[in-house]
Each structure stands twice: as structure tokens, then as C-alpha cells.
Amino acid sequence: MKALILNSGLGHRMGVLTSEHPKCMTEIAGKETILSRQLKLLERAGIREVVMTTGYFDKVLMDYCDSLGLSLHIEFVNNPVYDKTNYIYSIYCARDYLRDEDIVLMHGDLVFEESVLKDLIACDKSCMKVSSTAPIPEKDFKAVIKDGYVQKVGIEFFDDVNECQALYKLNKEDWNVWLDSIEKFCDEKNTNVYAENALNVVTDRCRIFAYDVKDRLCAEIDTPEDLEMIKERLNEVTGNSDKTVYMCFSADMIHSGHIAIIRKAEKLGRLTIGVLSDEAVASYKRYPLLPWEERKSVFENIAGVEKVVEQKELSYKAILEELRPDYVVHGDDWKEGFQKPIRDEVCEVLASYGGQLVEYPYSKEDKYDELEKRSRATLGMPDQRRGRLRKLIDMKGCITALEAHSGITGLICENTKVVQDGKTYQFDAMWISSLCDSTAKGKPDIELVDMTSRFRTIEDITEVTTKPIIFDGDTGGLTEHFVYTVRSLERMGVSMVIIEDKTGLKKNSLFGTEVEQTQDSIENFSAKIKAGKAAQRTKDFMICARIESLILERGMDDAITRAFAFADAGADAIMIHSRKKDPSEIFEFIKLFREKNKTTPIVLVPTSFNTVYEDEFKEAGANVLIYANQLTRTGFPAMQNAAKLILENHRAKECDDICMSIKDIITLIPEE
């Protein structure tokens, strides 16, 4: 079904009100215009295609419709002789878009109750709005009715008539008959009459039921007096129906608490629900179990929800400035905690235009906590966790990972978040470093800690967290051993292993050429990558080739040659490392690599070149930033200082003053 809206008239009787725009853009309630209200009601009725005829100010009208941001496809058809013809010719101009379609036809100056439109559309017959209770007008349309059907429409009839308006629902069989008659009139140059003149000669074949709306509002605006009268009536009949309400959800599981607050919200007015984008959810909470499209579909199928939109950020500011709802509804759980700045911003935006925040008590029950625990358990499963790193890189372009070497450091990485400028930031993944794992065990970083022990660290972390894991695989060892490492890591749910192109006993890269380090040949290392890729069972697992050329001062040409070779060998990502504080060689590498390879992720560990901001790396073309040892480097000095304080003061008081409370530590640890 299509809607046909006739907006090619001059509207002279409105005076200065139509001196800069067509009559349909006249405001009738706040920022709502005749046309915006018509289009929104059509959209809510399920109509997606609109044919709109235009006359003067056609560009103004087209730009205005575009600014409304509705999910309607509007075909604009200009009547080039709008000032010399009646709207019968406008329909004639648009005829190619209208034939063989069910049509809702209306004049662009009509204001009607939503129920009127819905009832007409629901009628199985072709029908026209009439009113048996409205006064019979002297100079406006009246419908001659016989046996419930329209016989004639015009201003000249007074016997057996009802007041009527040009609001029709026409089945295509009847509409085609009327359209044929319109074409005949116009082909014969009879263009300065009403389209109803063409209807009147075919009512024996175009059967239009007279739909009596009685006292319900459906009236046209021709004069400023009409405008004031309709504004008053509209206010009487709409009540809360013209109020707009906005809520935002991230939920991929809907429970009774959500439904309860939605029911309260819909009573305040027409409800739009914002569904947080996948990136927004992942930025402050756990990764969503369902992608945005599926979560959107869930809310679209809840009774009382009029519209569902995407909220791209945790901040409401942009969406509120676009929608300007009368009410924002939320649970009262955001009055404290990390969401408080978001709430403060919402209050500020609402105050700027007179909106209102409505808060209901947050539904906190054991069963809801149990659902969240189940969600976290699902996200922590190997098959769920493993593929999430690729998805996050695709979603965000550049992600961050923080080193974790135990269950508690994993929980710090999992749960730490900050709010800045209406956005929430947290780490996307965890880095299990060979250096930090060895250091936590008090052993040197020379691959002395075997894989069995290192796998135990992974298990400690995966038991209590859900985020993707990137594993430091050192050199990968012998190729024959590396294939088993790949399969084990993949089975445990690790997302990526990073191996460096060196051979022999491992020496930390930050020593550079100060210690003897041997770089593997391109051929041998490429073979190791290929063997690892052949060994893995899923497409989710990633092997990253770490290039040591800059560390070993072999030059940029060697680094780039290796990068392309390792990518060709199947490496899912390339890591380039440097121990220089000046990041220029890192940026040069990224630029040269991206000239030929646009897609393979680039991984950086900005330990030495730590003055560069994440956005700068992202803009250059980097995709994964690993903060590789900061928890270890801050944790051990703090513990050493605590030990000194106890020794110096011969009691715990001074040490306790700088300690985190046991209660706060326990809150980091999940109950199960």
C-alpha cells in the first residue's frame, strides 16, 4: 500500500504563515507540523512508500521531509503548472507511481486522529472519511451517500449529504477506475477541476464506502482561524498520544523487569526504544550475546513499542538532540556509580528543551542476577570467547589489551572502566605475557616456565573472566611443538597467539643488540606459520607474526619484507616492535605496510613509545594495542613499598592506610 499526499496547492488563505514554505509545513503542536504528523502516522500504520506531489517551495518541502529521518521512501512529483491547474493534474503527473496499487489518498492540509487513519486502512472496502455529526459546510466538500456508498463528492451538493474530507483508502481495483477517469479528464485538458469531478462519473464502477468517523477529528486547515481551532481540538483529543518517550536498552535477554518498565513508559506516550550498538555495549559491559540487529528485532516485537533505533554511544546526548522526546524513562540504578555522569548529561540535555526524566525503581531480584551469571558463563565458554577478538577488531577498528598474569589481574582487566565525555572505556582483551607470567613465578624470562604451567595461568584467568585472550607464545618453539600449542590454545578458547621470528634461547626484546639474539630465516618462520594455520580446527583462532627486525637493528626494508612474507604465509596479524621512545619508525612501518596490505591487522606494544595516544595509532592504521606489563610493573613496587612500611614502622597501620580494603577486593571476585 502506498500513500498519496497532495501538496501542490498555493495556500494563499493562510497569509504570512505560508510565505516561506508550503501550507503542509505549518506547525500545529510544538515543532510538529501538519505534514510531519501525517508522515509519522503513516509510518506507524505500517506504510513505507509515499508519493508526494509538490508545487511551489518544492525544494524546501523535499529538504524538510529528508530532515525528519523517517523510515519512508518518498517519491516527489512536481506539478510544473501548479498555479494554473487543480490537484487533478498533480495526480495525473504522478500516475506512473500509482497504478495497480492500494492507495491512501489525502490532502496535505488534513489533520486527523490516528484512529481515523487506522480504521480506514483496516477497512476491507475502498472508503472515504465522512461525518454524520459534523455541520454541513457551505463552501467545502460534501458527499452524496446512498446505501452507505459515495455517489457524488463536491461543494455544490446539499441533499442526502454528509460532511467529508479528501481522506480515502482505495483498493487498487477501484483506484484504477478513478485513475483512468482522471487521465481522461487531463488528456482532454480538463485540468482546472477537482479530482472528485472525475470520480463522480465512475461511481457506478468505483465503489467507495462512506466511513463515518462521527465526532472524531479530521479537518483541513485553510485559514489561520482553522489552524487555531484545530490546535485546540488536537490538544483535547491526543492527550498523551502526542507525547514522546525514549528508553535505551542493551539487553539481549528480556525479562519481566524490562517488560514492567516498558509498560509504564508506554503509558506516558509514544515509545521509542534505543538499542545500544554492539560497540557501545562492549565498551562498558560484557560483549553482547546477540548482535544489534537481533536485539533490535526482539524489541520491535514487544507490544507498545512504536519504534526502535540504534543508540551508537552510551551517551544519550546525540540521540536526545535528534529525537527531543518529552520523557526519558530509566531505572533509578544510575543515580550512583559509573553511569552517574551519563544521567547528569541526560538531565542537562532534557533541561535545554523542557524534557523530563522519569525514573522507576530498578528491578533487582535474584532471578535477574542469575540470568546475568548465565550470560557471563556463556561468554566465558571457549567457543564463545575465541572468535570475539576478530569481531571486536572488525567492529572498533582498533582495540586495547591489558596484561594479566593471574585470576585477580584478569578481573581487574575485565571490570575496570572509566567514563569520559559521555563515553565509557574499558579494555577489550587480555594479554598473557611470558615476561609477566615468569616474573609472577619469580623466574627469568627465558622460556623457563613450561607450557603446562603457562596453560594453568590461562585456566586461572578463563575461570573468572569473559574477555578474549591474546597469548605470548615467545618463539613458538620447534615447529613440531608449535602445532600442538596452537591446538591446545584454540581448545582453551584463546583468540590469538603471538610468536616472534627468533630462534634459540629466548632473550627479552627490550635488550635489543645488548645480548646475542638470533633472528629466524623468513623461510623457516613462514613454514612455522603455515604449520600452525594447518593445525588449527576453527577459523576463529589467530596467529600473529611478531617481527624483531627493528629491535635487532636490521632495518626497515628487512621488517617490511618479512611482514609481507609472513602475511602471505597465512599470518592473521603482524606485530612490529621497537625499543625506541621515538615512534617514527613504527609509523613508517605502518605506512609502508598499509600501502600494499589494507586488511591484515597490525599489533603494537607501546611500552617504549608510550607518549602516543590510541587515536593516533588507530588513524595511522594499527588495530591492536597491548599494554604488556603495566600491572606487573606497578604491582611489585606497591607490594615492596608495603613490606618496607611494615618493617620501618613495626606495625601495619601505616601500610593499611595505602591498602585497598579486603571488602573492595572481594567485590571484584565473582561468587561463582
Side-chain angles (χ1 to χ4, degrees), residues 281-287 314 336-341 372-373 375-377 379-380 384-385 388-389 392 396 398-420 423-442 449 453-472 492-496 498 605-607 610 614 624-643 655-672:
V281 176
S283 74
Y284 89 100
K285 201 178 181 182
R286 58 174 172 76
Y287 191 89
L314 191 59
E336 297 177 350
F338 82 95
Q339 288 197 77
K340 185 179 183 300
E372 183 62 25
K373 288 177 184 177
S375 299
R376 290 182 58 82
L379 288 170
Q384 282 280 341
R385 189 193 299 248
R388 210 172 305 139
L389 188 70
L392 283 166
K396 301 180 71 172
C398 186
I399 68 164
T400 59
L402 180 68
E403 150 301 272
H405 55 265
S406 62
I408 193 66
T409 54
L411 286 167
I412 289 172
C413 179
E414 178 96 356
N415 296 314
T416 302
K417 55 179 71 76
V418 297
V419 178
Q420 289 180 334
K423 296 182 180 179
T424 301
Y425 298 90
Q426 65 175 328
F427 295 102
D428 301 293
M430 287 172 281
W431 164 247
I432 298 183
S433 158
S434 173
L435 166 65
C436 298
D437 208 0
S438 299
T439 303
K441 293 174 172 62
V449 179
S453 179
R454 297 205 59 208
F455 287 172
R456 180 60 198 167
T457 301
I458 296 175
E459 291 174 352
D460 288 343
I461 292 172
T462 56
E463 282 178 3
V464 294
T465 66
T466 66
K467 291 188 176 180
I469 291 173
I470 303 172
F471 183 78
D472 180 2
M492 296 171 76
V494 171
S495 298
M496 177 192 286
I498 298 181
V605 179
T607 304
N610 57 13
E614 293 166 1
V624 181
L625 305 176
I626 299 175
Y627 296 98
N629 46 43
Q630 279 75 12
L631 292 188
T632 293
R633 288 162 54 209
T634 54
F636 285 99
M639 288 188 283
Q640 190 176 54
N641 182 47
C655 179
D656 287 349
D657 289 342
I658 63 169
C659 286
M660 186 179 187
S661 74
I662 291 295
K663 180 180 179 182
D664 289 341
I665 293 174
I666 291 173
T667 60
L668 286 173
I669 301 172
E671 294 179 8
E672 295 181 0

With rounding to the nearest 0.5 angstrom, report the SG to CD1 distance, Cys413 to Ile408.
12.5 Å
Donor-acceptor side-chain pairing of Thr466 and Glu414 below 3.5 angstrom
yes
With Arg456, which residues qualify under salt bridge (Lys or Arg N to Asp or Glu O under 4.0 Å), at least two apart?
Glu459, Asp460
Could you pull out the closest heavy-atom pair between Met496 and Ile498, with the gap in Å?
SD-CG1, 3.9 Å
Given side chain to side chain contact (heavy atoms under 4.5 Å, CB included), test Phe471 with Arg454 step by step and report yes or no.
CA-CA 10 Å; Phe471 183 78; Arg454 297 205 59 208; 3.3 Å; yes
Starting from the C-alpha separation in whole Å, work towards a yes-or-no answer on side chain to side chain contact (heavy atoms under 4.5 Å, CB included) for Lys417 and Tyr425.
CA-CA 6 Å; Lys417 55 179 71 76; Tyr425 298 90; over 6 Å; no
Strictly by modelled atom types, are Glu403 and Thr632 linked by a side-chain donor-acceptor pair under 3.5 Å?
yes
What is the distance from atom NZ of Lys467 to atom CG of Leu392, rounded to the nearest 0.5 Å?
9.5 Å
Would you say the side chain of Trp431 lies within less than 4.5 Å of the side chain of Asn629, judging by non-hydrogen atoms?
no
Identify, with sequence neighbours excluded, every residue that meets side chain to side chain donor-acceptor pair (under 3.5 Å) alongside Thr457.
Asp437, Lys441
Hey, does the side chain of Gln426 reach the backbone of Val418 with a donor-acceptor pair shorter than 3.5 angstrom?
no
So do the side chains of Leu625 and Ile399 get within less than 4.5 Å of each other, counting heavy atoms only?
no
We want to know whether Thr465 and Arg385 form a side-chain donor-acceptor pair, criterion being a heavy-atom distance below 3.5 angstrom.
yes
Going by side chain to side chain contact (heavy atoms under 4.5 Å, CB included), name the residues that satisfy it together with Thr409, two or more places apart in sequence or in a different chain.
Ala404, His405, Ser406, Leu631
Can you confirm whether Arg633 sits close enough to Thr607 that some side-chain heavy atom of one is under 4.5 Å from a side-chain heavy atom of the other?
yes
Can you give me the closest heavy-atom contact between Arg388 and Pro468, atom names plus distance?
CB-CG, 3.8 Å
Does the side chain of Glu614 come within less than 4.5 Å of Thr400's, by heavy atoms?
yes
Audit row: Ile461, Ile432, side chain to side chain contact (heavy atoms under 4.5 Å, CB included) steps and yes/no:
CA-CA 9 Å; Ile461 292 172; Ile432 298 183; 3.7 Å; yes
Non-hydrogen side-chain atoms of Lys396 and Asp428 separated by less than 4.5 Å
yes
Ignoring hydrogens, what is the shortest heavy-atom contact between Ala401 and Phe427? Give both atom names and the distance.
C-CD2, 4.3 Å
Is there a side-chain contact between Asp472 and Ser433 (heavy atoms, below 4.5 Å)?
yes
Donor-acceptor pair, side chain of Asn415 and main chain of Leu411, under 3.5 angstrom:
yes
